[in-house]
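Worksheet for the structure shown next.
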Amino acid sequence: QFQTMCSDGSGGVFIAWQDARNTATTGIDVYAQHVLANGTIAPGWTANGVRVSSNLNDDTFPFVASDHAGGCVIAYGLFFVNRAFGSDYDMIASRLNAAGAIVWTSTIKSTAEYESPVGCNYIASRNDVVILYQYRLVSAGGGNYDLKASAVSVVNGAIDSDFDVCTAAGDQYVGVSPLVPGPNDTWYAVWRDGRTSNYTVYARLFNGITGAFSGSWPLGDGKPVVPDLYYHSTVRAVCDPSGALWTAITTAGYTGTGD
């Protein structure tokens, strides 16, 4: 059961996961829970989680962000097998209020391409949630994996903006923590980048939905955070209170030794 979580801003957490309890009827569904700071379940939320989705196809890879109004927004992928051009994902988002009731559900992306969320983050200045997702062109016979994002209104689930995060040559693969929240509406995207043979780790800093204006964080397809000397695999990242990005990366030297 793939699970993600985020702070509720008051010492508790929102948790979202994919759940197989209804496999015989609706396949894999998405469920969510709100646990308060004292370890109890928030009023209105059911003991075994609130059912967020019940599509006939599998709903997978949920990511959750607080809506800063007592509830949360959850983005997830709706899996299709052998649609027009093969298997792909649509991207869906739902908002739950403080009592665990669904306020809206919105189809963010519904094409024949691969569009699967990999993270989300609340942007206070816009009252939006930014959803980072992995994109792959399927309809034209296949393509590389890129990173894109959509800013979705917390009020009604409408798409306020779509933008590219990285569309460089080669595949852009996400790690364990591809979207890293920072202070004052900033956030980082962190990924393994296939524009070189070593899959160097790249990152890009955003201010809301705009690429960072700092000269040390250029616009475009990000910047490498480690030298392009070894093959890089697993990456984890956090942001400290000053806004600095910290990464822990598994590398493999030319002898195949992991560090």
Check: [Y] and [X] side chains under 4.5 Å, non-hydrogen atoms:
| X | Y | result |
| --- | --- | --- |
| Phe14 | Ser66 | yes |
| Val152 | Asp160 | no |
| Tyr202 | Arg192 | no |

Just by modelled atom types, is the [Y] backbone N or O under 3.5 Å from a matching donor or acceptor in the [X] side chain?
| X | Y | result |
| --- | --- | --- |
| Thr247 | Ile249 | no |
| Asp67 | Ala69 | yes |
| Asp164 | Thr167 | no |
| Asp171 | Tyr173 | no |
| Ser94 | Thr105 | no |
| Thr4 | Pro62 | yes |

Report, as yes or no, whether the 6.0 Å neighbourhood of atom CG on Asn184 holds more than 12 heavy atoms from other residues, nucleotides or ligands. no
Assess whether atom CZ of Arg21 is packed by more than 12 heavy atoms of other residues, nucleotides or ligands within 6.0 Å. yes
Flag this pair as yes if the NZ/CZ of Lys148 is under 6.0 angstrom from the six-membered ring centre of Tyr133 and inside a 45 degree cone about the axis; otherwise no. no
When you look at Asn207 and Thr186, which way does the side-chain hydrogen bond (donor to acceptor under 3.5 Å, both in side chains) test go after all the steps? CA-CA 4 Å; Asn207 182 16; Thr186 60; over 6 Å; no
Report yes or no: do [X] and [Y] belong to one cluster of Ile/Leu/Val/Met/Phe/Trp/Tyr joined by side chain heavy-atom distances under 4.5 Å?
| X | Y | answer |
| --- | --- | --- |
| Val225 | Leu205 | yes |
| Val201 | Val180 | yes |
| Ile159 | Trp104 | yes |
| Trp191 | Ile209 | yes |
| Val30 | Ile15 | no |

Aromatic ring pairing Phe61/Phe2, orientation class (parallel under 30°, perpendicular over 60°, tilted between):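 Geometry flag for Phe2 against Phe61: perpendicular rings.
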How are the rings of His68 and Tyr122 set relative to one another: parallel (under 30°), tilted (30 to 60°) or perpendicular (over 60°)?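 Correct class here is parallel.
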Could you measure the distance from the [atom1] atom of [X] to the [atom2] atom of [Y]? Nearest 0.5 Å is fine.
| X | Y | atom1 | atom2 | answer |
| --- | --- | --- | --- | --- |
| Leu147 | Asp193 | CG | CG | 8.5 Å |
| Asp59 | Ser54 | CG | OG | 8.0 Å |
| Ser161 | Ile123 | OG | CD1 | 11.0 Å |
| Cys239 | Leu245 | SG | CG | 6.5 Å |
| Cys72 | Met5 | SG | CE | 12.0 Å |
| Lys223 | Trp217 | NZ | CH2 | 5.5 Å |

Do the side-chain N and O atoms of [X] and [Y] include a donor-acceptor pair separated by under 3.5 angstrom?
| X | Y | answer |
| --- | --- | --- |
| Ser242 | Asp240 | yes |
| Thr26 | Asp29 | yes |
| Asp128 | Ser153 | no |

For the student: nearest non-hydrogen atoms of [X] and [Y], plus distance:
| X | Y | value |
| --- | --- | --- |
| Gly157 | Ser106 | O-OG, 2.9 Å |
| Gly243 | Pro183 | CA-CD, 3.7 Å |
| Arg95 | Val154 | NH1-O, 3.0 Å |
| Gln172 | Gly194 | NE2-N, 4.5 Å |
| Ala32 | Ile74 | CB-CD1, 3.4 Å |
| Gly170 | Asp146 | O-OD1, 4.4 Å |

Assess whether side-chain contact (heavy atoms from CB on, under 4.5 Å) is satisfied between Val52 and Tyr76, documenting all intermediate values. CA-CA 10 Å; Val52 179; Tyr76 58 92; 4.3 Å; yes
Positive for side-chain contact (heavy atoms from CB on, under 4.5 Å) with Tyr31, one of Gln3, Gln18, Arg51: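 Per the side-chain contact (heavy atoms from CB on, under 4.5 Å) rule, the option paired with Tyr31 is Arg51, out of Gln3, Gln18, Arg51.
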Could you go through the side-chain contact (heavy atoms from CB on, under 4.5 Å) check for Val64 and Val73 one step at a time? CA-CA 6 Å; Val64 59; Val73 175; over 6 Å; no
Does the distance from a Lys or Arg side-chain N to an Asp or Glu carboxylate O, for Lys109 and Asp162, drop under 4.0 Å? yes
Carefully, step by step, assess His34 and Ile41 under the rule side-chain contact (heavy atoms from CB on, under 4.5 Å). CA-CA 6 Å; His34 184 193; Ile41 296 173; over 6 Å; no
For residues 43-50, please give each side-chain donor-acceptor pair under 3.5 Å, one per line with the distance, not counting sequence neighbours.
residue	atom	partner	partner atom	Å
Trp45	NE1	Ala98	O	2.9
Thr46	OG1	Gly49	O	2.7

As a quick check of understanding, evaluate side-chain hydrogen bond (donor to acceptor under 3.5 Å, both in side chains) for Thr40 and Asn38, giving each step before the final call. CA-CA 6 Å; Thr40 63; Asn38 62 7; 2.6 Å; yes
Other ILVMFWY residues reachable from Val238 by side-chain steps of under 4.5 Å: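 Joined to Val238, directly or through intermediates: Trp246.
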Let me see the working for Val165 and Phe206 under side-chain contact (heavy atoms from CB on, under 4.5 Å), right down to the final yes or no. CA-CA 9 Å; Val165 174; Phe206 285 85; 4.0 Å; yes
